[in-house]
Amino acid sequence: GAAFGAMQKVGSVITVNRDLNKTSRMIKRAIIAGLPAAGVNVADVENVPIPVARFYTRVTKAAGGVHVCLSPYDRRVVDVKFFDSNGMSLGRQLERDIERAFFREDFRRVYMDDIGVINTAPEVIERYRAHFYNALDVKAIRNRKFNIVVDYANASASLVLPDLFAELACNVITLNGTLDPEKMSVSRPDFERDLDILGRITGATHAAFGVRFDVGGEVTVRGDVPGR
């Protein structure tokens, strides 16, 4: 946290997010502790899908953001993703600069009066929903009354999307809609099994389409009407 914070101006704001796993929670707290020491304020967005964290970083004019998560396919690895002020991933060179500062312990520490503050970010999901609707032709979608199958992969997308789909008058069959911290990393056989189930249910219900979100909420895999 201090290594990334040292690259920002004193008094700037960094958003911090994580997945549900307890390891991610531990590392996120360590990052949050390091940022104020560099004179940077923290907006804790808690646990939301990565697109929501990226969006909130951009619209609040934060200097950047951090997301901590288990690697989707190897639970022995923790990924730390850094965002710029537009919510986009940092380039590899900037990531190397952070790594270099971290391993050298070559980062700024401010005087007590300049230590940053830690706040819980307000209305994160609400602001995302409002902008989401504004980007769509809501009336046209409502008139179609889509029947869809959605697999939330037991992750935080289930905190955001159900209300969005309800507002759009979609009839949704939900799979893996409960939060499960132990499923933030999925083995390939389990992933393939879940895709097969998604396809079968999509075909059997004659849904317009079926879709599975990854645990970060950024990547989707779609099943068509026949369930392929």
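Please read all numbers here as calculations on a predicted model, not as lab measurements. Note that the numbering runs from 1 along the sequence shown for the chain.
Using a 4.0 Å cut-off between charged nitrogen and carboxylate oxygen, R193 and D196 do not count as a salt-bridge pair. In summary, E126 and R129 do not engage in a salt bridge, as defined by a charged side-chain N under 4.0 Å from a carboxylate O.
Put simply, the side chain of V48 does not reach to within 4.5 Å of the side chain of L159, judged on heavy atoms.
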What do the steps show when you test V42 against I14 for side-chain contact (heavy atoms from CB on, under 4.5 Å), and what is the final call? CA-CA 5 Å; V42 174; I14 295 294; 5.6 Å; no
Between S89 and R54, does a side-chain hydrogen bond (donor to acceptor under 3.5 Å, both in side chains) hold up when you go through it step by step? CA-CA 9 Å; S89 297; R54 293 184 187 275; 3.1 Å; yes
Steps toward side-chain contact (heavy atoms from CB on, under 4.5 Å) verdict (L70, V78): CA-CA 4 Å; L70 289 190; V78 175; 3.9 Å; yes
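Counted within 6.0 Å of CZ on R92, heavy atoms from surrounding residues, nucleotides or ligands total more than 12; the atom is thus considered enclosed. Within 6.0 Å of atom CZ in R144, 12 or fewer heavy atoms from other residues, nucleotides or ligands are found, so the atom counts as exposed in its surroundings.
Grouping the Ile, Leu, Val, Met, Phe, Trp and Tyr side chains by contacts below 4.5 angstrom, directly or via other members, places F146 with Y133. Tracing side-chain contacts under 4.5 Å through hydrophobic residues (I, L, V, M, F, W, Y), one never reaches V77 starting from L20; they form parts of separate clusters. In the hydrophobic clustering of ILVMFWY residues, with side-chain heavy atoms under 4.5 Å counting as a link, V52 and F83 come out apart. Clustering ILVMFWY residues whenever any of their side-chain heavy atoms sit less than 4.5 angstrom apart, transitively, puts V13 in a cluster other than the one holding F4. Using a 4.5 Å cut-off between side-chain heavy atoms of Ile, Leu, Val, Met, Phe, Trp and Tyr, with links allowed through other members, L35 and L90 fall into the same hydrophobic cluster.
Every residue was checked against the ring pair (Phe, Tyr, Trp, His ring centres under 6.0 Å) condition with F213, not counting sequence neighbours, and none meets it.
Of the options K9, M7, Q8, a side-chain contact (heavy atoms from CB on, under 4.5 Å) to V40 is made by Q8 and by none of the others. Of the listed residues (D44, N17, D19, T23), just one forms a side-chain hydrogen bond (donor to acceptor under 3.5 Å, both in side chains) with K28, and that residue is D44.
Side-chain atoms of N21 and S24 include no donor-acceptor pair closer than 3.5 Å.
Atom-to-atom distance recorded for F165:CZ and L168:CG is 8.0 Å, nearest 0.5 angstrom.
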